[in-house]
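What you are looking at is a predicted structure, and each value in this text was computed from that prediction instead of being measured. Chain identifiers are assigned alphabetically (A, B, ...) following the order of the sequence lines, protein sequences preceding nucleic acid strands; residue numbering begins at 1 within each chain.
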Amino acid sequence: MSGPAEKIRRLIKKKYPAGFVTDIEVDAVPPGLDEDIIRLISAKKNEPRFMLEWRLKAYRHWLTMHEPTWAQVQYDPIDYQDIVYYSAPAGQEARPKSLAEVDPRLLKTYEKLGIPLREQELLAGVAVDAVFDSVSIATTFKDKLSELGIIFCPFSEAVQAHPELVQKYLGTVVPYTDNFFATLNSAVFSDGSFVYVPPGVRCPMELSTYFRINAAKTGQFERTLIIAEEGAYVSYLEGCTAPMRDENQLHAAVVELIALKDSEIKYSTVQNWYPGDEEGRGGIYNFVTKRGACRGDHAKISWTQVETGSAITWKYPSCILEGDNSVGEFYSVALTNNYQQADTGTKMIHIGRNTRSTILSKGISAGHGQNSYRGLVKVLKGAMGARNYTRCDSLLLGDKCGAHTFPHIDVHNPTATVEHEATTSKIGDEQLFYCRQRGLSAEDAVSMIVNGFCKQVFNELPMEFAVEAQRLLSVSLEGAIG
Amino acid sequence: MLSITDLHVAIGDKPILTGIDLEVKAGEVHAIMGPNGSGKSTLAYALAGHEHYKVTSGTTLYQGRDLTRLNPEERAREGLFLAFQYPIEIPGVSNIYLLKAALNAIRKHRGQAELDAMDFLSLVKEKMEWVSMEEDLLYRSVNEGFSGGEKKLNEVLQLTVLEPRLAILDETDSGLDIDALKVVAEAVNRLRSPERAFLIVTHYQRLLDYIIPDYVHVMIHGRIVKSGDSTLALELEKRGYAWIEQEAARGAKAGGGT
């Protein structure tokens with residue numbers, strides 16, 4: 001019999017079921033980045049003038065910026081001239097009007113990933129936008145949603161069909177000058193989802209985008225913009241995977257949420273980008289900027305994320321609580337295994353009166369994984385009666401991984417209440433033995449204990465995805481022990 | 001059912017059990033008594049297969065099979081159950097979920113169909129009456145926030161649901177008030193059967209007023225130094241362990257054993 005450390009090591013060996021490549025001809029731009037490439041991307045998308053101008057402004061600003069180094073992550077320098085900034089399956093530029101026109105190999109890809117795009121096979125009550133490399137290939141239930149005035153379409157389509165909405169809101173939460181990766185995204189973003197829910201409308205189904213990186217040496221830079229008008233409600237979910245490749249690939253997305261008076265946006269992420277192999281080769285660099293603004297009174301934004309993939313995760317879904325009584329929530333499970341690194345957390349900026357925020361972060365580290373929570377709770381002068389509750393729990397599997405917590409609290413109003421709790425625990429040999437003594441295999445026991453640890457966060461996910469998240473967590477910890 | 005010959009067990013480099021011989025037949029109840037640190041719990045953990053307890057020599061046959069070749073879950077599925085002295089807390093995992101997973105793992109091993117949620121629930125509710133447990137404890141996280149007594153009763157609930165062939169109770173009576181003690185004893189007595197054996201580790205005679213053992217063994221310094229019937233427990237209650245220690249020391253000098 002081997003020691004517990006060895007068992008845990010074997011336990012956390014990982015298989016990545018989404019690692020296949022779809023063999024398909026692509027229409028791609030040459031690698032590298034300059035103004036011509038940006039003009040080319042913009043031209044391919046037939047964008048209006050304002051869009052190109054915005055991209056170029058961002059690009060010129062990006063040239064003056066430096067890659068951030070403050071995160072608790074390590075990686076070799078990225079050669080930004082070696083990345084392909086636009087890649088689309090050939091023949092899909094004129095976006096297919098119906099699924100019958102979509103290349104069957106693409107449909108097959110999504111089927112293999114468990115995301116059927118044919119509406120009769122869909123999960124009832126979930127509309128899907130499927131993004132493949134740089135373009136959206138299909139969006140389901142669009143007509144049904146448009147009857148209610150809800151716009152759910154690829155970002156590039158929104159630029160054509162609803163330029164006034166794009167122009168009004170784009171960059172108002174994450175300006176093109178925001179940070180190195182967000183600025184790069186602003187210059188080169190290719191596609192993503194656009195959601196607009198009109199006043200008083202409660203979106204009757206989950207909206208979901210499934211991002212897939214397929215082409216090699218390609219970056220994915222999607223941009224998502226969600227607007228909930230007064231009294232509206234929408235629940236949105238994104239999922240993502242990529243093939244197994246030895247080189248690292250960059251994913252630098254931007255998500256902006258705008259919640260107006262009395263509206264609510266619930267944004268959930270189940271992130272399963274390729275994490276690299278057991279030696280830490282390959283994997284996605286997931287450098288993402290996500291931010292929401294509660295612009296009106298009683299608005300609410302809730303972020304829930306389950307991060308199991310990527311070689312490196314660098315993201316801080318945040319809430320700017322401008323409206324009085326507005327609410328921000330952040331629920332997170334981040335799992336790092338093998339040589340994965342995660343530096344993730346949130347920012348809650350309290351501006352309005354009686355604004356409230358809740359942060360619940362669960363970090364799980366296994367193998368040589370490094371997991372950091374980084375958070376900022378800022379209460380501005382006018383935020384009378386603001387309240388925050390933060391809880392960060394870390395769970396360690398084995399003795400070669402690490403957990404770190406960097407909470408920043410910055411309070412400028414004496415009536416504010418800010419609470420912070422943090423715990424770190426090791427998955428106990430005693431817990432494992434107890435479950436095994438009751439007849440459970442060691443694998444089932446670990447999976448049960450880890451799922452128990454994450455339960456409060458999974459409870460925040462829409463039902464179908466909570467099941468998916470649990471499954472994903474088990475797969476991520478798969479491997480025999482004992 | 002259980003046949004232990006010259007068993008030596010160490011924790012790290014420290015020998016704890018130094019030659020245990022014990023024969024437990026189906027249908028029997030054996031009590032293991034002895035002062036603190038004599039190795040009673042070590043025997044319980046070693047039988048359950050805890051990896052910190054290393055078997056350094058001797059043989060342990062369980063239903064004719066070498067127990068050391070089975071990992072903890074295989075032992076459990078073969079019907080060996082340990083009621084823990086200090087039951088473990090598992091946050092976020094509901095008590096009923098663990099119990100159902102455990103029962104179905106064992107049933108699957110026996111080639112029986114797994115119970116669905118409804119059948120399982122009615123089974124558990126019946127067994128909860130045996131141990132007069134509050135129903136809400138089923139839906140709370142395993143042992144989290146349970147009182148000492150509730151934790152022990154929860155072990156006994158698991159025992160009654162899993163119906164093992166060999167049940168080892170490691171000081172299940174410690175920390176129980178008299179009412180709870182009677183509940184535990186009653187549940188054990190109901191489970192006594194010609195196919196089932198019990199190994200009851202205890203400090204005190206008290207539990208044995210309610211569960212009358214067939215054999216009582218006294219363990220001192222990692223060995224069983226005296227065995228007898230249930231009257232031995234009464235004698236220990238009156239006279240303590242010192243006289244047995246002296247007797248054992250004399251026996252050792254004379255070159256004898258137990």
Side-chain angles (χ1 to χ4, degrees), chain A residues 1-8 10-11 331 333 360 362-364 391 393-395 397 421 423-461 466-467 469-470 473-474 480-482, chain B residues 44-45 47-55 68-95 97-110 140-144 151 154-155 157-159 161-162 164 167-168 170:
Chain A
M1 265 206 222
S2 46
E6 171 58 25
K7 281 187 177 175
I8 299 265
R10 268 186 285 151
L11 168 82
Y331 301 100
V333 166
L360 183 62
K362 303 274 183 177
I364 303 156
R391 185 180 170 107
D393 296 325
S394 306
L395 186 68
L397 284 84
E421 289 177 35
T423 67
T424 300
S425 53
K426 262 187 110 158
I427 198 160
D429 290 346
E430 297 310 316
Q431 283 179 338
L432 257 179
F433 178 67
Y434 187 70
C435 295
R436 295 176 75 188
Q437 210 303 304
R438 296 298 179 252
L440 273 68
S441 69
E443 257 179 46
D444 288 347
V446 167
S447 157
M448 191 176 83
I449 294 165
V450 170
N451 272 308
F453 175 75
C454 302
K455 196 174 187 178
Q456 288 161 291
V457 174
F458 289 168
N459 285 346
E460 297 297 326
L461 286 172
V467 175
Q470 282 199 25
L473 217 58
S474 304
I481 76 163
Chain B
Y45 272 110
L47 290 174
H50 195 298
E51 60 194 358
H52 291 173
Y53 300 79
K54 295 263 182 279
V55 173
T68 55
R69 300 177 81 93
L70 302 178
N71 65 32
E73 57 269 36
E74 287 164 341
R75 298 178 197 208
R77 292 171 195 166
E78 284 290 331
L80 188 153
F81 178 92
L82 170 65
F84 284 64
Q85 186 181 355
Y86 303 109
I88 309 297
E89 299 181 2
I90 310 177
V93 175
S94 76
N95 210 16
Y97 183 86
L98 171 67
L99 196 50
K100 180 162 175 267
L103 180 66
N104 280 335
I106 291 166
R107 289 180 65 94
K108 203 171 154 193
H109 179 74
R110 290 182 188 153
R140 300 237 308 259
S141 294
V142 177
N143 292 319
E144 200 184 35
K151 284 183 183 176
N154 197 34
E155 295 292 290
L157 174 70
Q158 294 176 353
L159 170 71
V161 170
L162 300 179
I168 304 165
D170 187 9

Is the CZ atom of R110(B) crowded by more than 12 outside heavy atoms at less than 6.0 Å? yes
Interatomic distance, CZ@R438(A) vs CD1@I106(B), rounded to 0.5 Å, equals 9.0 Å
Rounded to the nearest 0.5 Å, what's the gap from CD on Q437(A) to CD1 on I168(B)? Could you check?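 Going from the CD atom of Q437(A) to the CD1 atom of I168(B) covers 7.5 Å.
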Non-hydrogen side-chain atoms of [X] and [Y] separated by less than 4.5 Å:
| X | Y | answer |
| --- | --- | --- |
| I449(A) | I90(B) | yes |
| Q456(A) | P91(B) | no |
| F433(A) | H52(B) | no |

Ignoring hydrogens, what is the shortest heavy-atom contact between A105(B) and G439(A)? Give both atom names and the distance.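 Looks like CB-O, 3.3 Å.
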For A101(B) against L440(A), the heavy-atom pair lying closest together: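 Looks like C-CD1, 3.8 Å.
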Chain A contact via [X] - side chain, backbone, both or neither, heavy atoms under 4.5 Å:
| X | answer |
| --- | --- |
| E89(B) | backbone |
| Y86(B) | neither |
| L82(B) | both |
| L99(B) | neither |

Decide, yes or no, whether a salt bridge links E74(B) with R436(A) under the criterion of side-chain N to carboxylate O below 4.0 Å.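 No.
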Which bit of Y434(A) comes within less than 4.5 Å of chain B, counting heavy atoms only: side chain, backbone, both or neither?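 Contact with chain B: backbone and side chain both.
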Is it the case that the side chains of E430(A) and H50(B) hold a donor-acceptor pair, with the cut-off being a distance below 3.5 Å and no angle test? yes
